Amino acid sequence: MTAKIISGTEIRKSILAEIKADVEKMKAKHGKVPCLATILVGKDPGSVSYVTLKIKTALSVGFHEIQDDLPEDISEADLLALIEKYNNDPDIHGILVQLPLPMHIDEKKVINAINPDKDVDAFHPVNVGRLMIGGDDARFLPCTPAGIQEMIVRSGTQICGAEVVVVGRSNIVGKPIAMMLAQKGVAANATVTIVHTRTKDLAAHCKRADILVVAAGVPGLVKPEWIKPGATVIDVGVNRVGMNEVTGKVILKGDVDFDAAKEIAGKITPVPGGVGPMTIAMLMKNTLKSAQYALGDL
Ligand code: NAP
């Protein structure tokens with residue numbers, strides 16, 4: 001059996017089209033559109049290309065965009081003052097500070113300074129707490145885990161009652177996706193196990209999983225024989241394993257041995273083209289939601 005490929009690129013297109021339609025409705029009803037402020041400190045090439053993509057996507061769905069390219073040596077106080085200005089501007093619905101920040105700036109302090117109701121990355125402790133409480137409290141979900149949940153749902157995989165194994169316990173992927181899928185509610189109600197480097201028998205846990213989410217950052221960690229036949233496999237790993245000498249492009253591989261795994265799994269995400277494209281789409285969804293709250297539509 002060859003698994004159905006869950007394409008993040010395709011799902012992303014549908015989500016962005018849905019957001020664009022909602023933005024048009026908002027414009028017709030309120031004469032306003034969501035506004036995302038992106039703050040980039042310095043010129044790290046990875047961060048520049050990521051922010052550029054976020055801005056391009058925001059504009060493509062009809063958002064208003066405010067872009068701040070700040071010098072590498074900006075003081076922490078000046079950055080915090082800019083965030084405070086945006087916190088107090090009712091026309092700005094989402095504030096995104098691209099991470100990592102230069103060493104002289106306390107990242108935690110910056111994240112904590114963003115108004116939780118504009119924290120569209122959902123990294124603020126208040127939003128982490130809201131996620132834990134679940135239900136209507138969880139206003140924004142962190143973007144990568146939200147993308148993973150959306151992919152599982154849109155692939156037609158039953159989450160309620162499923163055995164889920166999450167490989168990895170980071171604050172940005174493993175922990176939040178585990179909590180989201182274990183919640184009482186829609187697109188949840190799973191029985192979730194988190195595994196990590198101290199887990200005794202990783203393979204045995206993975207083999208039980210109806211839904212296997214792998215976010216370890218270790219290329220090919222999950223072997224095909226660890227996969228339960230018919231399981232849904234979400235490979236979050238993005239590992240640079242070399243350079244294509246002809247195209248000059250970086251070769252990316254996931255945490256799962258894809259070619260062999262797709263002969264056993266029921267559904268599987270590729271790398272690239274799987275979870276990766278979903279993250280920015282979910283950032284847009286959070287910004288739209290923030291504007292809908294601000295305008296009283298939610
Ligand atoms: P991280 O902070 O490095 O956490 C990795 C987790 O995996 C840790 O909990 C670690 O366990 C666990 N782990 C590592 N090696 C393992 C092993 N051999 N056996 C069992 N567990 C192991 O990584 P992250 O930020 O969550 O990212 C994980 C991967 O997802 C990376 O490849 C990253 O590039 C990718 N990613 C992709 C997206 C996207 O596509 N949008 C977004 C975020 C991350 P310990 O806690 O015990 O150390």
Side-chain angles (χ1 to χ4, degrees), residues 5-12 15-16 44-47 49-54 56-57 96 98-100 107-108 111 120-123 128 131 140-152 154-155 164-181 192-209 212-223 225-227 233-242 250-258 261 268-286:
I5 307 300
I6 309 172
S7 166
T9 313
E10 288 305 312
I11 296 175
R12 175 184 190 272
I15 292 172
L16 293 180
D44 170 73
S47 294
S49 74
Y50 213 36
V51 165
T52 306
L53 195 55
K54 287 172 183 173
K56 200 174 142 199
T57 309
L96 180 136
Q98 185 64 40
L99 303 177
E107 218 162 82
K108 246 187 199 172
I111 291 171
V120 284
D121 258 338
F123 290 156
V128 176
L131 181 154
F140 304 127
L141 295 172
C143 301
T144 300
I148 295 169
Q149 189 178 36
E150 195 78 35
M151 292 180 101
I152 299 172
R154 293 195 190 217
S155 73
V164 173
V165 174
V166 177
V167 184
R169 53 179 167 183
S170 70
N171 286 331
I172 62 163
V173 190
K175 274 196 260 180
I177 187 61
M179 186 45 61
M180 284 158 61
L181 297 177
V192 181
T193 306
I194 303 178
V195 296
H196 45 76
T197 54
R198 312 297 163 93
T199 297
K200 276 186 189 149
D201 190 346
L202 201 58
H205 286 288
C206 293
K207 277 181 198 168
R208 291 190 289 105
L212 180 61
V213 179
V214 192
V218 180
L221 172 71
V222 171
K223 311 291 175 252
E225 59 274 20
W226 297 9
I227 294 169
V233 179
I234 309 291
D235 189 354
V236 191
V238 180
N239 306 292
R240 293 160 181 247
V241 293
V250 173
I251 302 170
L252 296 177
K253 280 230 178 325
D255 291 349
V256 177
D257 178 354
F258 178 80
I268 189 166
T269 60
V271 178
V275 176
M278 295 294 293
T279 301
I280 292 182
M282 302 320 285
L283 175 73
M284 300 303 136
K285 208 167 174 177
N286 280 346

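Fair warning: this is a prediction, and the values are worked out from it, not measured in the lab. Each ligand, and each atom within it, is numbered from 1 in the order the structure gives.
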**Report entry** Set of residues satisfying salt bridge (Lys or Arg N to Asp or Glu O under 4.0 Å) with respect to E10, sequence neighbours excluded
**Finding:** K13
Query - Whether over 12 other heavy atoms sit under 6.0 Å from K56 NZ - result: no
Query raised in the report: Do any pairs count as a side-chain hydrogen bond (donor to acceptor under 3.5 Å, both in side chains) and have a residue in residues 273-285, sequence neighbours left out, and if so which ones?
Result: T144-T279, E150-K285
**Report entry** Per-ligand residue contacts, ligand 1, heavy-atom threshold under 4.0 Å
**Finding:** T144, G168, R169, S170, I172, V173, H196, T197, L202, A215, A216, G217, V218, L221, V236, G237, V238, N239, G276, T279
Query raised in the report: Between the side chains of R12 and S7, is a donor N or O closer than 3.5 angstrom to an acceptor N or O?
Result: no
Query raised in the report: Tell me, do V271 and K253 make a side-chain contact under 4.5 Å, heavy atoms counted?
Result: no
Query raised in the report: Which residues pass the side-chain contact (heavy atoms from CB on, under 4.5 Å) test with K207, sequence neighbours left out?
Result: none
